[in-house]
J.: 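Sharing a structure with you now.
So that the names make sense, note that chain A is the first sequence line, chain B the second, and so on, each numbered from 1. Quick caveat, the model's predicted, so the values are computed rather than measured.
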Amino acid sequence: MAVEILKEKNRSAVQELVLGATSENGGTRTKTITVGGDSALPFHQFEGATPNRPVVAMEVQDIKPEWNDAVLKYFADVADKPGAWAKKCVEEYGADLIYLKLDGAHPDGANRSVEQCVATVKEVLAAVGVPLIVVGCENEEKDHEVMTAVAEAAAGENLLLGFAETDNYKSLTAACMVHKHNIIARSPLDINMCKQLNILISEMNLALNRIVIDPSIGGLGYGIEYAYSILERARLGALQGDKMLSMPIIATVGFEAWKTKEAGASEADYPEWGPQEERGIMWESTTASALLQAGAHILLMRHPKSVEIVKKQIEQLMVSNAY
Amino acid sequence: MITCSVTFLPDNITVSVEKGKTIAEAAQIAGIKLKMPCGGEGSCGKCAVKVMSNRVSDNVEISLDQKFEQVLACQTEVSEDVTVEVPVNARLGEHQVLLSAEDDNALGTFAFEPLCWKVTITLSPPSINENASDWIRLKGELGKIVGDEEVIIGLPLLTNLAHMLRDASWQVTVTLLQQDGYVEVIDLQPGANDEPIYGLAIDIGTTTVVVYLVDLCSGKVLDRNGTYNKQAVYGDDVIARIIHSQEKNGLQELQDAVVNTIDELTNQLLKKTRIEGTGVKAITIAANTIMTHLFLGLDPKYIRLEPYIPTTSQFPAVKATEVGLRSVPNANIYCMPSVGSYVGGDIVAGVLYTGISQKDELTLFIDIGTNGEIVLGNKEWLISCACSAGPAFEGSGITCGMRAMHGAIERIQITPGTYETRYETVEDGKPTGICGSGLIDCIAKLHHVGLLDRAGRFTADTQDTNRIRNNEEGKEFVISWEKEAGVDNDIVITEGDIQNLIRSKGAIFAGIRCLLNSLQIDMEIVDKFYIAGGFGNYLNINDAIEIGLLPDLPHEKYQFVGNTSVKGAYMTLISRSALKAAVEIGRKMTYMELSVGNEFMDEFVSALFLPHTDLSLFPSVQSN
């Protein structure tokens, strides 16, 4: 008698979400990207479908960032040219899409104007054909102006815009609805608050398949286990039919990994830790790989080498293990 | 010593105080009760008074409103003669206390056998052949009445016994009192004496004190009285009181305050019914563990510190004079036993009154107050837990919050679109603030008309309606304009207030969920929900469900039972078997500590939403 293998049956699946729009759909992208749609735990392809592979977005900023040299040196020639920077990420390093952070808008920093920010977004859109993720500078008032203008200027491009938070979600949600973009709902490492924000946004009538959740993560060694369990709970919720937890997940891997001491400290200070760049790459790619296993769909990363490692890993994980 | 005179307007009362005393202390001497929920720490701003002559030294730099020269009475020292005006909203009003008239037949299955009762006994005179002592002779007869229990007598009564028996031809009326495990003779009167005896049933709440005067011969409640707990001036919640008890003379002040409250209420009752205080023989008291400690003068310090241990949970019988009760010098006091540090005799009384411990059906009992106590069980088992809901439901910590007294807004309607408000107040007074039920109503209605999102934040902007406006910390909604109100400011509810209330209701709902989860019981299986508390009678069940305070269940499962604490105390006063049952309840109830583990926190955060993060728990609200 044949052995019957018990498989977990899931009632529901993660929402599928399309980023970017080609000319047929009113945009200028040369390709679109679909994420989500999983009907099983991450890479449990023997239990359900994993129709779309996780994607890697490489981070680009509108002004030259104060990043670690181990990363910045790869972009030294383009660090103050966001368009060229994005092009390099896509063409040389294989970024699936571009994550543009408008840090320069911050009033306490470069305080770039709304017009300058919009121009940067247009510059990047013109430089690459992949879909775009655009986020503000995390100053509530300025982001309100900047992101509203960006949403309007890029109408039709089907961008992913961030960040909406419980205290401040209304204007971005409205902008995404009017100009047909997608939104990143960010919550502070708490599954309930994650869900609450999704309810609030959906009550403004933004469709559920236009929301990506950023439940906040910690880098390796800095609370990644919390992040892991939150991601896992969200996925289990989605599979059990909780629509308010069924959105694809985005993770700020590069930001979290490169702010750790282990990734950033120089070899001169810690000779026993070995070469710094290698350490940083491992820190970023290990963080990414753990979160892939937990159910992340979009990884926001920085170092070209980490991107290469993680993309290769995704490829291997996507080989069907169904039986 | 330099004295200054302080004149209070509009009362026009002038008192002399030592220079350097605060205006609040002067007000106390003048008999003017000021609101002081922070306990005189200068942090709540509720005791602000207007200085009419500008001769005080404000020793803190708090200037509330320059044009009126307002100062905090608790922080302002008197340096010269001064006149101050006490605004209506700084006064502690007469408190509306729930005094229900439905106590007839409260006993249920318990027999009427008062804690203290009289029997008339005729003894056969001694002879040379039958030469037992007078006391043994009397005790033998009493033994036939009380059964197995030991009967004892004190020396003061014994000294009279020999003469009394012989002068009254061996007939004597004995007043007996049930004690824990024995019966005590507390009075002897010659002949057959049918003078009535009385008892008091008392609920000492953190906020209010209620006294029932009971005829122990008939078991009838003769009258009821209730007011503020005078301890309120030392802080609003039990934690503030415990902190005050650690100050110099603090414990004594707290004990005096509650004893004075009881004396005042009792004297009023005695005067009204023309009964002598000496006729009151027995008192039963139901109170939370901390209130009982403070009443008996026991130091509650360690209840507040981990691992939260009270001095005792079974309290000895005490005489009125031992705690300083002057109105009823002959009374013997019995305090209901506690279960844990945060589940006290008031909850035991509530369980006794609602009869949970005698029924087959599974019942959940919730006493909503500053602490939310929850009991679940039936005749087989009982489990309880307590969660700190905060004083928001009693109007404290809320910008325009107040207790349910004259002028408190208790019902609100908001017209969709125009956002105009209509409201009802307690006793139809001019609105002076919002009480707990009004706050719940307000949040439910604001959400209903779309002004509030599920996270408790205003969705509308100032341009949508002039009732929404910005304050320093966010937005606020004007419920009543100054011109309609009985106070000289607009009555508003702020985003901060709403967050505060959401936390309170979240704590109670999370407590209910944790208790049920720990037993793996579904809400639906619970047959009956009893809601108790001074707040309960004014609670609109629809609103309470809509904001997620109570589980979304058919309304017929809910029953408001009012102040069950005093009702339970009354039962034990008129039934010795009820008292034994209460002791048994206290003994058999399991106490679950919610602060152990993460579950409460998880449930709490998911309840910080209107009505709840898991909307499927509130199907009837969703479909609205």
J.: Would one find more than 12 heavy atoms of other residues, nucleotides or ligands at under 6.0 Å from atom OH of A:Tyr226?
T.: no

J.: Side-chain contact test, heavy atoms from C-beta onward, threshold under 4.5 Å: evaluate it for A:Thr166 versus B:Arg457 and give yes or no.
T.: yes

J.: If we only count heavy atoms from C-beta on, is the B:Asp453 to A:Lys170 side-chain gap below 4.5 Å?
T.: yes

J.: Give a yes or no on whether B:Glu473 atom CD has more than 12 heavy-atom contacts from other residues, nucleotides or ligands under 6.0 Å away.
T.: no

J.: With rounding to the nearest 0.5 angstrom, report the OG1 to CD distance, B:Thr459 to A:Glu203.
T.: 10.5 Å

J.: How long is the straight-line distance from CG of B:Asp614 back to CG of A:Asp242, given to the nearest 0.5 Å?
T.: 7.0 Å

J.: With side chains defined as the heavy atoms from C-beta onward, is the minimum distance between A:Met193 and B:Leu608 less than 4.5 Å?
T.: no

J.: Got a donor-acceptor contact below 3.5 angstrom from the A:Asn192 side chain to the B:Asp602 backbone?
T.: yes

J.: Using a cut-off of 6.0 Å, state whether more than 12 heavy atoms not belonging to A:Asp108 lie near its atom CG.
T.: yes

J.: Is the shortest side-chain heavy-atom distance between A:Leu200 and B:Phe609 below 4.5 Å?
T.: yes

J.: Against chain B, label A:Gln196 side chain, backbone, both or neither, depending on which of its atoms sit under 4.5 Å from a heavy atom there.
T.: both

